[in-house]
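These notes concern the structure reproduced below.
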Number of protein chains: 2
Amino acid sequence: MQTTDKPTTRYTHRHERAVAAAAAIFANKGYHGASTRDIAEKLGIQQGSLYYYFKSKEAALEEVCLTALRGYVSDIESIAHQPGEVESKLKTAIAAHLATYEHNNEAMKVHNEQRLYLPKERRKQLNMLGSRYRQQLEGIFCEGVSSGQLREDIDCHFTALSLIGLCNYWGAQLLRNPTLRPEDVTENCADILLHGCLARKAATSDIEPQTDTQVN
Amino acid sequence: MQTTDKPTTRYTHRHERAVAAAAAIFANKGYHGASTRDIAEKLGIQQGSLYYYFKSKEAALEEVCLTALRGYVSDIESIAHQPGEVESKLKTAIAAHLATYEHNNEAMKVHNEQRLYLPKERRKQLNMLGSRYRQQLEGIFCEGVSSGQLREDIDCHFTALSLIGLCNYWGAQLLRNPTLRPEDVTENCADILLHGCLARKAATSDIEPQTDTQVN
DNA sequence: GCATTTTTCTATAAACCTATAGATTCTATA
DNA sequence: TATAGAATCTATAGGTTTATAGAAAAATGC
């Protein structure tokens with residue numbers, strides 16, 4: 001285990017490779033379905049040697065999830081704080097979310113599907129990052145409502161969560177189906193979310209009253 | 001194992017209980033994280049006795065997934081074949097989808113999250129049912145476009161999949177958070193999907209009475 | 001109440017899995 | 001090139017898991 005203040009670049013590099021290998025294996029087989037031997041094999045080392053990089057299998061899962069979220073959260077924060085129209089912010093946010101799947105696809109999938117197998121204590125940091133993401137996104141929707149760019153009767157919390165659900169769904173599809181183009185998916189998601197799929201009637205007054213219940 | 005042509009109601013009943021127990025355990029711990037001992041314990045029998053009902057753990061997973069899909073598919077088919085406005089059909093479809101989560105919640109969750117751990121051969125029937133569901137839903141969207149009730153520039157395939165993704169996301173939330181009301185979630189999902197969240201530019205109709213000359 | 005069938009139990013084989021300890025090889029630097 | 005420390009290997013303890021076989025108990029039909 002590396003303990004000096006100046007971690008060797010060699011260790012850092014190998015450690016990253018180990019996290020990536022764990023991500024790939026966990027994404028394919030699931031946390032419990034994967035063995036430490038599988039991960040070691042992918043790295044070309046022996047099963048026992050893996051414990052030089054991870055204190056435990058569980059710690060490996062936590063690291064994979066954390067690497068998935070870090071960039072993802074800082075992305076949305078910079079998007080939310082930039083000036084600009086809400087509509088374009090949302091499109092950028094969707095594009096960034098899906099792009100994360102392109103670059104860090106396995107780790108994101110692991111985070112979404114396997115994170116709950118971590119004990120609660122180990123999920124604290126993860127939950128914080130997740131909340132930050134959600135809040136920033138929700139903030140964009142609120143801003144849109146205040147400024148009149150978005151319908152005033154939408155439930156920002158619900159809508160933000162829905163967008164996350166939608167992006168995660170399509171992110172997983174992108175991972176499974178390489179012929180899907182992220183730009184197309186982004187375009188389509190934004191279109192549905194912003195405009196809906198109902199035809200515009202001549203009258204524009206058909207906004208439904210909505211039971212604005214607090215969700216979650 | 002039950003082999004006679006007239007299966008005892010007793011066996012049938014107990015078998016159903018076994019499938020439900022497997023669904024609950026798989027939903028909580030994941031397929032690989034769950035042991036046959038866990039399932040047997042939930043049923044109040046010994047681990048070995050479980051094999052009277054299931055040929056293997058894998059077969060149990062397949063059965064759970066199948067029970068989840070069966071009702072769900074026949075629901076959408078009857079909805080799609082009924083006459084009526086596309087808008088109301090879609091709302092009914094969303095409500096039915098989420099209701100499945102209410103009644104059969106654990107099995108649905110298992111289908112969505114664990115099904116890929118089945119080997120391909122075992123997924124054939126599952127894939128067929130899934131395709132039927134998707135096709136019916138897509139058909140509703142296509143019908144809406146043809147009849148002019150939905151925008152003609154939406155991608156029906158993409159939109160149908162998005163709706164499935166959205167419903168599955170909220171279905172899982174419903175399972176985790178019992179304070180969520182399915183009717184509210186249905187309402188909100190339908191609203192976003194149909195109307196989007198962008199403000200209608202010309203729609204000032206809340207305040208100004210709308211005259212027929214005021215067209216945009 | 002007896003015989004038959006259904007259902008459950010017990011015990012176990014064979015495989016696999018995580019994590020650790022100590023030996024060994026590699027790498028970089030003085 | 002000698003040496004310290006980093007990185008990996010080997011071997012294994014201790015535990016869990018699936019699935020099976022045969023005995024035992026429970027339910028059913030007559």
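We name chains A, B, ... by the order of the sequence lines, and we start the count at 1 in each one.
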Counting heavy atoms not belonging to Glu187(A), are there more than 12 under 6.0 Å from its CD?
no

With respect to the phosphate group of dT8(C), does any side-chain polar atom (N or O) of Arg14(B) fall under 4.0 Å of OP1 or OP2?
yes

Provide, to the nearest angstrom, the distance between the OH atom belonging to Tyr31(A) and the C1' atom belonging to dC17(C).
12 Å

Among the nucleotides dT7(C), dA19(D), dT8(D), which one has an atom lying closest to any side-chain atom of Tyr53(A)?
dT8(D)

Separation of dT17(D) C1' from His32(B) NE2 (nearest whole Å):
13 Å

Between P on dA7(D) and OH on Tyr11(A), what's the gap in Å once rounded to a whole number?
8 Å

Between Tyr52(B) (OH) and dC9(C) (P), how many Å, whole number?
13 Å

Under-4.0 Å salt bridge between Glu143(B) and Lys89(B):
yes

Could you state the interatomic distance from CG (Leu90(B)) to SG (Cys189(B)), rounded to the nearest 0.5 Å?
12.0 Å

Any side-chain N or O of Tyr51(B) less than 4.0 Å from the OP1 or OP2 oxygen of dA21(D)?
no

Side-chain contact check for Ser35(A): nearest option of dT8(D), dA19(C), dT18(C) is dT18(C)

May I ask you to establish whether Lys109(A) and Tyr101(A) are in a cation-pi arrangement, using a distance under 6.0 Å from NZ or CZ to the six-membered ring centre and at most 45° from the ring axis?
no

I need the CG-P distance between Asp38(A) and dT18(C), as an integer number of Å.
8 Å

Has Arg37(B) got more than 12 heavy atoms of other residues, nucleotides or ligands less than 6.0 Å from its CZ?
no

Check whether any side-chain N or O of Arg10(A) sits under 4.0 Å from OP1 or OP2 of dA28(C), and answer yes or no.
no

Would you indicate which nucleotide in dT10(D), dT10(C), dT7(C) comes nearest to any side-chain atom of Gln46(A)?
dT10(D)

Rounded to whole Å, how long is the line connecting atom CD of Glu41(B) with atom C1' of dT18(D)?
16 Å

In whole angstrom, give the distance that lies between atom CZ of Arg37(A) and atom C1' of dA11(D).
12 Å

Any donor-acceptor N/O pair under 3.5 Å between dA19(C) base and Gln47(A) side chain:
yes

Paired nucleotide for dA7(D) [Watson-Crick or G-U wobble; both distances under 3.5 Å]:
dT24(C)

Students often get this wrong, so: under 4.0 angstrom with heavy atoms, is Ala34(A) touching a base, only sugar-phosphate, or nothing?
sugar-phosphate

When the distance from NZ of Lys57(B) to C1' of dC16(C) is rounded to whole Å, what number comes out?
13 Å

Would you please confirm or rule out a distance under 4.0 Å between OP1 or OP2 of dT18(D) and any side-chain N or O of Thr36(B)?
yes

